Chemist: 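Provided herewith is a single structure, encoded as structure tokens, for subsequent inquiry.
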Amino acid sequence: MKKNGFISTSLIYTFFILVLLLMLFLLNSYSSVRFLMEQYKYDIKNSFAAESVADINLYFMVWDESSNEYELQKEMPEIGYNFEEDYSYCKNGSRISYSNGNISVAASRSDSCYAYFTAAEKDINLKIYTKESSASERVLVKSIPNYIYDLTSSSCTNGATIDFNENTRKFTIKATDKTVCEVEFTKKEVDIILNLFKEDVYGSHEYNGVEYKEVKDLPGSNYTMVDGNYYCLNQDVNTIIKYENNDLVVESNGKNECNIYFTGENSTVELIIMQETDTGVNGYTTGLKYTRTSTIPSTGYKYAGYICEDVGATVTYSGGTLEATSNKQTICRAYFNKYVGNAFINYYLETSNGNYESVVSVPNIGYVYNSEKSQCVNGSNIEVNNNIVTIDATGEDECNVYFDMASVDIKVNVYVMNRTLSVFELSSIPAAGYELYHKECTNGASIEYTNGSLNVAAEGPTVCTVYFR
């Protein structure tokens with residue numbers, strides 16, 4: 001009996017020790033996970049490239065000495081620029097900061113942030129030049145060009161040395177004193193020459209019994225390139241050309257010259273489709289950028305309008321289809337804007353005559369939200385707080401948001417240059433990419449533009465007018 005009792009007690013102690021060890025292991029794992037979570041930071045580094053659907057969109061605005069304005073760049077400048085904390089901001093109130101060459105954004109919601117940089121007084125000054133050919137003149141540029149350019153020369157003053165890493169496309173400069181380094185990149189010799197032709201009954205170039213007209217750029221969406229519809233002069237060189245995602249993809253094992261043929265409607269209007277992107281070219285809506293696309297965007301985009309080279313041409317959009325008409329041969333561009341979240345928002349401001357004008361974004365000063373007039377097509381709820389419009393949409397919706405002139409003694413009119421039409425249009429304060437061109441106030445008042453906001457100092461009723469370009 002004693003022997004059996006001794007065995008039972010040992011088993012109990014063994015079980016207790018195993019349970020204790022298991023608890024210690026679980027506690028240690030939990031602490032490790034907590035420690036890792038506390039160490040996590042949302043740092044947006046130099047390689048940041050947010051898509052339009054990301055929670056945080058980051059834009060780099062860099063001061064250009066030649067144009068005297070901030071310009072949008074794809075990457076954060078690496079050498080010779082200072083981060084401007086006073087100018088940098090986020091539209092929805094997130095905090096943006098800069099440390100040790102990294103941009104960080106502390107955000108609790110989706111936001112668009114603008115990081116501003118100006119040229120610094122620096123000990124090392126790097127000047128970058130590019131040349132289109134060995135015989136052409138060199139051009140001063142802001143950043144290191146891509147792989148289609150080769151570094152052809154480099155030099156530094158005061159005995160400094162400079163090295164270039166071809167893989168990372170970065171320079172290393174060693175200097176004991178102030179120095180100015182100049183580097184020159186020359187465009188690589190083109191191996192393939194592409195000649196573009198589009199179908200045209202009045203064209204002067206025939207291929208396989210069809211008349212074509214030579215063009216400089218890719219034709220519009222009503223033209224297509226069928227696989228194999230091209231001819232290369234050097235048949236001894238294996239060259240394959242495909243038309244993918246509105247771009248030409250060329251594979252060749254040697255130099256060649258090829259004619260590429262696009263077939264399509266023999267209509268008077270060549271239609272090009274443009275969709276809003278973070279980078280691209282100025283387009284239909286002031287302050288927005290557009291990139292060419294091969295098909296009509298559907299989910300997440302809404303038709304915004306069109307511009308034709310011939311003012312008499314028209315473009316209509318219905319049921320997901322574009323139709324263009326013109327009495328003259330012309331090119332038309334149809335523009336599609338992005339939805340904000342699930343909802344596309346149209347902003348309208350009251351004018352002095354009681355009507356409403358369409359603008360790009362919510363006004364910053366001098367207007368009050370008209371909740372009775374504002375509504376969404378599919379019934380989504382609209383909320384406006386601190387100049388931030390929020391749409392509670394479970395599916396895609398289109399909302400018209402109206403703002404009335406505030407009944408106050410101070411009125412501010414904001415005009416922004418439409419760079420496509422070269423005219424000033426009534427709008428709200430532009431978010432980025434524009435500079436204050438002119439300002440004036442009545443009755444001795446003054447107005448200042450700081451950190452993306454307009455501040456008026458007045459002792460009585462006044463009307464202020466500002467222009468951005």
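For reference, positions follow the sequence shown, starting with 1. No hydrogens, no waters, no symmetry mates; every other heavy atom, side chains included, goes into these values. The structure displayed is predicted, hence computed values, not measured ones.
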Chemist: Would you please indicate yes or no on a ring centroid separation below 6.0 angstrom for Phe197 and Tyr230?
Modeler: no
Chemist: Checking side-chain hydrogen bond (donor to acceptor under 3.5 Å, both in side chains) for the pair Thr186/Asp150: CA distance, chi angles, key distance, verdict?
Modeler: CA-CA 5 Å; Thr186 304; Asp150 283 330; over 6 Å; no
Chemist: Once rounded to the nearest 0.5 Å, what's the spacing between atom CG of Leu194 and atom SG of Cys258?
Modeler: 6.5 Å
Chemist: Any non-hydrogen side-chain atom of Ile162 less than 4.5 Å from a side-chain atom of Leu126?
Modeler: yes
Chemist: Considering residues at least two apart in sequence or located in another chain, which fulfil the ring pair (Phe, Tyr, Trp, His ring centres under 6.0 Å) criterion with Tyr231?
Modeler: none
Chemist: My understanding is that only residues two or more places apart in sequence, or in another chain, count here; which of them pass side chain to side chain donor-acceptor pair (under 3.5 Å) with Ser154?
Modeler: none
Chemist: Would Thr239 and Val250 satisfy side chain to side chain contact (heavy atoms under 4.5 Å, CB included), going step by step from the backbone distance to the final call?
Modeler: CA-CA 7 Å; Thr239 303; Val250 182; 4.3 Å; yes
Chemist: Between the side chains of Glu84 and Thr118, does any donor sit under 3.5 Å from an acceptor?
Modeler: yes
Chemist: Stepwise, does the side chain to side chain contact (heavy atoms under 4.5 Å, CB included) test hold for Leu271 with Tyr223?
Modeler: CA-CA 9 Å; Leu271 189 59; Tyr223 289 88; over 6 Å; no
Chemist: What pairs with Glu257 under side chain to side chain donor-acceptor pair (under 3.5 Å), at least two apart in sequence or on another chain?
Modeler: Asn195
Chemist: For Cys113 and Val105, work out which heavy atoms get closest and say how close.
Modeler: SG-CG1, 3.9 Å
Chemist: Would you call Lys198 and Glu270 a salt bridge, taking side-chain N to carboxylate O under 4.0 Å as the test?
Modeler: yes
Chemist: Please evaluate residues Gln275 and Asn337 with respect to the criterion side chain to side chain contact (heavy atoms under 4.5 Å, CB included), reporting the C-alpha separation (whole Å), side-chain torsions for both, the decisive distance (0.1 Å), and the verdict.
Modeler: CA-CA 6 Å; Gln275 69 179 38; Asn337 289 355; over 6 Å; no
Chemist: State, with a plain yes or no, whether a side-chain heavy atom of Ile296 is found less than 4.5 Å away from one of Leu322.
Modeler: yes
Chemist: Quick check for you: to the nearest 0.5 Å, what is the distance between Ile56 atom CD1 and Ser104 atom OG?
Modeler: 11.5 Å
Chemist: Please determine whether the number of non-hydrogen atoms from other residues, nucleotides or ligands lying under 6.0 Å from atom NZ of Lys213 exceeds 12.
Modeler: no
Chemist: When you compare the side chain of Thr291 with that of Met274, does any pair of heavy atoms fall below 4.5 Å?
Modeler: no
Chemist: Which heavy atom of Ile429 sits nearest a heavy atom of Val414, and at what distance?
Modeler: N-CG1, 4.0 Å
Chemist: Within the 4.5 Å heavy-atom criterion, are Thr161 and Ile173 side-chain neighbours or not?
Modeler: no
Chemist: With ring centroids as reference points, do Tyr290 and Tyr335 lie under 6.0 angstrom apart?
Modeler: yes
Chemist: Kindly compute the distance separating CZ (Phe262) from CG (Asn229), expressed to the nearest 0.5 Å.
Modeler: 9.0 Å
Chemist: Within a strict 4.5 Å, meaning less than it, do heavy atoms of the Ile272 and Arg292 side chains meet?
Modeler: yes
Chemist: How are the rings of Tyr59 and Tyr114 set relative to one another: parallel (under 30°), tilted (30 to 60°) or perpendicular (over 60°)?
Modeler: parallel
Chemist: Above 12 or not: heavy atoms from other molecules or residues under 6.0 Å from OH of Tyr437?
Modeler: no
Chemist: Can you sort out the partners of Glu383 under salt bridge (charged side-chain N to carboxylate O under 4.0 Å, His left out), two or more places apart, ordered by chain and number?
Modeler: none
Chemist: What do you reckon, is CD of Glu206 surrounded by more than 12 foreign heavy atoms closer than 6.0 Å?
Modeler: yes
Chemist: Ser380: which residues meet the side chain to side chain donor-acceptor pair (under 3.5 Å) condition with it, sequence neighbours left out?
Modeler: Asp397
Chemist: Answer whether the closest heavy-atom distance between the side chains of Ile273 and Phe336 falls below 4.5 Å.
Modeler: yes
Chemist: Counting C-beta onward and ignoring hydrogens, is there a side-chain heavy-atom pair between Glu211 and Glu199 closer than 4.5 Å?
Modeler: no
Chemist: Return the set of residues passing side-chain contact (heavy atoms from CB on, under 4.5 Å) with Tyr98 (not counting sequence neighbours), or none when no residue passes.
Modeler: Met76, Phe83, Ile103, Phe117
Chemist: Please tell me if the side chains of Leu196 and Asn259 come closer than 4.5 Å, counting only heavy atoms from C-beta onward.
Modeler: no
Chemist: Got a second to check how far Thr176's OG1 is from Asn158's CG, nearest 0.5 Å?
Modeler: 7.5 Å
Chemist: Could you work out, with salt bridge (charged side-chain N to carboxylate O under 4.0 Å, His left out) as the rule, every residue matching Glu448, not counting sequence neighbours?
Modeler: Lys439
Chemist: Compare every heavy atom of Ala106 with every heavy atom of Ser94, then report the nearest pair and how far apart it is.
Modeler: CB-O, 3.4 Å
Chemist: Ignoring hydrogens and angles, state whether a donor on the side chain of Thr157 or Thr179 is under 3.5 Å from an acceptor on the partner side chain.
Modeler: yes
Chemist: Just jot down the salt bridge (charged side-chain N to carboxylate O under 4.0 Å, His left out) partners of Arg138, sequence neighbours excluded, or say none.
Modeler: Glu182, Glu184
Chemist: Would you please name every residue forming a side-chain contact (heavy atoms from CB on, under 4.5 Å) with Leu140, sequence neighbours left out?
Modeler: Lys127, Tyr129
Chemist: Taking only residues two or more places apart in sequence or in another chain, which ones pass ring pair (Phe, Tyr, Trp, His ring centres under 6.0 Å) with Tyr306?
Modeler: none
Chemist: Whether the Asp163 and Thr172 side chains hold a donor-acceptor pair (N or O, under 3.5 Å, no angle test) is what I'd like checked.
Modeler: no
Chemist: Please enumerate all residues that pass ring pair (Phe, Tyr, Trp, His ring centres under 6.0 Å) together with Tyr212, with sequence neighbours excluded.
Modeler: Tyr261
Chemist: Are Tyr317 and Tyr303 close enough that their ring centres sit under 6.0 Å apart?
Modeler: yes
Chemist: Please step through side chain to side chain contact (heavy atoms under 4.5 Å, CB included) for the pair Phe60 and Tyr116, ending with a clear verdict.
Modeler: CA-CA 6 Å; Phe60 299 111; Tyr116 284 78; over 6 Å; no
Chemist: Measuring from atom CG of Asp200 to atom NE2 of His205, what distance do you get when rounded to the nearest 0.5 angstrom?
Modeler: 13.0 Å
Chemist: Can you see which heavy atom on Leu233 is nearest to which on Asn256, and at what distance?
Modeler: N-OD1, 3.6 Å
Chemist: Shortest non-hydrogen contact from Lys91 to Asp111?
Modeler: N-OD1, 3.2 Å
Chemist: Specify the closest pair of heavy atoms between Ala313 and Cys332, including all atoms of both residues, with the distance to one decimal.
Modeler: CB-SG, 3.9 Å
Chemist: Mind checking the CD-CD1 spacing from Glu214 to Ile260? Nearest 0.5 Å is all I need.
Modeler: 11.5 Å
Chemist: Quick one: ring pair (Phe, Tyr, Trp, His ring centres under 6.0 Å) partners of Tyr415, sequence neighbours excluded?
Modeler: Tyr467
